[in-house]
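Read the structure below first, then the notes.
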2 protein chains.
Amino acid sequence: MLPIGVHTKSEASNCSIRSVLSNVTGKWRMIIILALEDEPKRFGEIKRCIGDVTQRVLTENLRGLQRDGYLTRTVDPGPPVAVSYALTPQGRALLELLKPLVYWSHEQMDDVKTARMEYDRAHPG
Amino acid sequence: MLPIGVHTKSEASNCSIRSVLSNVTGKWRMIIILALEDEPKRFGEIKRCIGDVTQRVLTENLRGLQRDGYLTRTVDPGPPVAVSYALTPQGRALLELLKPLVYWSHEQMDDVKTARMEYDRAHPG
DNA sequence: TCATGTAGTTACTTTAAGGATACTACCATA
DNA sequence: TATGGTAGTATCCTTAAAGTAACTACATGA
């Protein structure tokens, strides 16, 4: 059995598996990894690709993914300076695990909508 | 290309794929689904299995998963009353997609720890 | 009768994630 | 000269998720 549950107070802070999975459970990290699937991208390209993320939040999440070894940050000292982000082999491995989940979610959308409506009708208030 | 990015304000509220993925991106839902892998479990069993979740949060997340069609809630009107939760076929399909991710995370733990230490050493302050 | 277990609900507080806005500093193009 | 693009940082604010604690209501067993 995998150590997913946490059974003492002291375990909670260093439940490693949750810590690794946090690269997926944030609102933006999965999206950033998917955005880098085809080729390395620059900061602005990623931002445009995602659309509704602020610079500050994008920077934070890129740093987090870089820190965990899922992408690299390369500065080309121009001029003009250009910074590009690319998936590492580990990042690509994670991407390959995420893709089935994303495609499946896409297929599930209608079923989930229906299930929600039925639940809300069966459980009013 | 999947509609993961959001490019207008109005799209943001109903980006369906994110809405489905929210069953994975919460702190507890993935853990609950994994907890139900082997057999249906009762409220208290799930709670003991996870360990550090509060009753209130567990209730909320069970309701959310039930609402989206990933698990069923069955009341056996005893006495004593017993409530059991079980994965639906959709819940089980989601579980099968999550398992590779969880096992992989488990394998990655050491690499991630190392990567974090290296990053922190290379980027002090 | 008193403690324990079952499955919750209600009210309040805290925390982390994300958002808004303004700013730097450099460069290119019109 | 001014406008826009590049890649951010700094500061403050809002919100959603989660946590804490107390409570219900019913049942079992000591």
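In the text below, chain A, chain B and the rest are named by the order of the sequence lines, each starting its count at 1. Heavy atoms only: backbone and side chains are in, while hydrogens, waters and symmetry mates are out.
- Between the CH2 atom of W28(A) and the P atom of dG18(C) there is a distance of 8 Å, given to the nearest Å.
- Counting to the nearest Å, the P atom of dG19(D) and the CG atom of L58(B) are 11 Å from each other.
- In this structure, CG of D76(B) is placed 14 Å from C1' of dA27(D), rounded to the nearest angstrom.
- Between the OG1 atom of T88(B) and the OH atom of Y70(B) there is a distance of 8.0 Å, given to the nearest 0.5 Å.
- For the pair L36(A) and L95(A), the minimum side-chain heavy-atom distance is 4.5 Å or more.
- Taken to the nearest 0.5 Å, the CG atom of L58(A) stands 9.5 Å off from the CZ atom of R63(A).
- Using a 4.5 Å heavy-atom threshold, the side chains of W104(A) and L94(B) count as touching.
- Dashed line: the shortest gap from a side-chain N or O of K27(A) to OP1 or OP2 of dA16(D) is not under 4.0 Å.
- The interatomic distance linking N61(B) (CG) with dA16(D) (P) rounds to 16 Å, in whole Å.
- You'll find the side chain of D68(A) reaches within 4.5 Å of the side chain of R116(B), heavy atoms only.
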Atom pairs and distances, donor-acceptor, side-chain atoms in residues 27-35 of chain B, under 3.5 Å, two or more places apart:
| residue | atom | partner | partner atom | Å |
| --- | --- | --- | --- | --- |
| R29(B) | NE | N61(B) | OD1 | 3.3 |
| R29(B) | NH1 | N23(B) | OD1 | 2.8 |

Reading nucleotides 6-13 of chain C from the 5' end, what letters show protein touch, with B for base, S for backbone sugar-phosphate only, - for no heavy atom under 4.0 Å?
SBBSBB--

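- Nucleotide dA7(D) holds its C1' atom 12 Å from the NZ atom of K47(A), rounded to whole Å.
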